[in-house]
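Computed from a predicted structure; not experimentally measured. Indexing begins at 1, ligand by ligand and atom by atom, following the structure's order.
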Amino acid sequence: MAKIGILMSTTRDARFADQPAAWLLRFAQARGDFAYEVLDLRDYPMPFFNEAGSAMGAPIEDPAGQRWQQKVAEYDGFIVVTAEYNHGVPAVLKNALDFAYRQWNRKPVAFVGYGSVGAARAIQELRLLASALQMMPIGPAVHLQGGEFMAVWKGGKPLDELPQLPAAATRMLDDLAWWVRALKTARDAA
Ligand SMILES: Cc1cc2nc3c(=O)[nH]c(=O)nc-3n(C[C@H](O)[C@H](O)[C@H](O)COP(=O)(O)O)c2cc1C
């Protein structure tokens with residue numbers, strides 16, 4: 001069965017990320033199509049990138065970075081559950097993206113964003129980064145934004161009470177599934 005990593009973009013102690021990641025994990029697992037797992041960068045405490053060269057051409061020396069590469073290699077696709085920090089990608093996620101290369105290649109990536117504009121600006125950046133990593137950034141995304149984000153983030157409203165979330169997540173996961181199958185077939189045949 002193909003394996004999908006649900007990658008949280010933040011690691012700070014007080015992060016909100018766990019809530020959308022846990023919701024998505026439950027929702028995606030109920031489909032029964034792939035093996036979904038949460039990938040937490042707290043488990044891979046990589047330093048700021050200080051390697052001899054890009055992961056594209058040089059082996060990674062940092063032990064956490066090596067473990068990270070091995071973990072990324074296990075997956076056939078990813079869903080990045082992302083915040084937006086100062087209208088961009090949280091730095092800890094960018095650092096983690098840089099620590100691998102071949103392990104990202106030719107795999108699809110979908111996005112769930114939360115924040116005032118549903119992390120739309122960070123997700124646009126991530127789409128560019130994904131193309132540099134030779135990934136396929138898929139179109140349909142889930143944006144938890146505006147008053148709804150505030151109601152969950154500050155008001156403690158459960159994500160299960162947002163009526164439009166399942167439809168948006170289904171659109172995203174259906175499209176991701178198509179790309180996971182197509183690219184896995186092509187990678188296996190290559
Ligand atoms: C360093 C920092 C920068 C932020 N910048 C933005 C921003 O540009 N846009 C936004 O919608 N929210 C911004 N916020 C608020 C976040 O949406 C909110 O804190 C969210 O919980 C961050 O995700 P996290 O809890 O997983 O770290 C920022 C928060 C932090 C800590």
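- Given atom 14 (N) of ligand 1, the protein heavy atom at minimum distance is Glu84 O, 3.7 Å.
- In this structure, a donor-acceptor pair under 3.5 Å is absent between the side chains of Arg67 and Gln70.
- For the pair Val117 and ligand 1, the shortest N or O to N or O distance does not fall below 3.5 Å.
- At least one side-chain heavy atom of Met135 sits under 4.5 Å from a side-chain heavy atom of Phe78.
- Within the listing of ligand 1, atoms 22 (C), 23 (O) sit less than 4.0 angstrom from a heavy atom of Ala83.
- The CZ atom of Phe149 lies 14.0 Å from the NZ atom of Lys157; values are rounded to the nearest 0.5 Å.
- Counting only N and O atoms by type, the side chains of Gln164 and Glu148 include a donor and acceptor under 3.5 Å apart.
- For Met8, no heavy-atom contact with ligand 1 is shorter than 4.0 Å.
- Of the protein's non-hydrogen atoms, the one nearest atom 18 (C) of ligand 1 is Trp153 CZ2, 3.4 Å.
- Between the side chains of Tyr75 and Gln103, not a single donor N or O lies within less than 3.5 Å of an accepting N or O.
- For atom 8 (O) of ligand 1, the closest non-hydrogen atom of the protein is His87 N, 2.8 Å.
- Not counting sequence neighbours, the partners of Tyr44 by the ring-ring contact (aromatic ring centres under 6.0 Å, His included) test are Trp68.
- Of all protein heavy atoms, the one closest to atom 5 (N) of ligand 1 is Asn86 N, 2.8 Å.
- Using a 4.0 Å cut-off to heavy atoms of Tyr114, the atoms of ligand 1 that qualify are 23 (O), 24 (P), 26 (O).
- Shown in contact with Ala17 at under 4.0 Å from a heavy atom are these atoms of ligand 1, numbered in order with element: 26 (O).
- Side-chain contact check for Tyr114 and Gln19: no donor-acceptor pair (N or O, by modelled atom type) lies under 3.5 Å.
- Protein heavy atom in closest approach to atom 1 (C) of ligand 1: Tyr85 CG, 4.0 Å.
- The N/O atoms of Phe16, backbone and side chain alike, include one that comes under 3.5 Å of an N/O atom in ligand 1.
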Just list the side-chain donor-acceptor pairs under 3.5 Å for residues 177-184, sequence neighbours left out, or say none.
| residue | atom | partner | partner atom | Å |
| --- | --- | --- | --- | --- |
| Lys184 | NZ | Asp188 | OD2 | 3.3 |

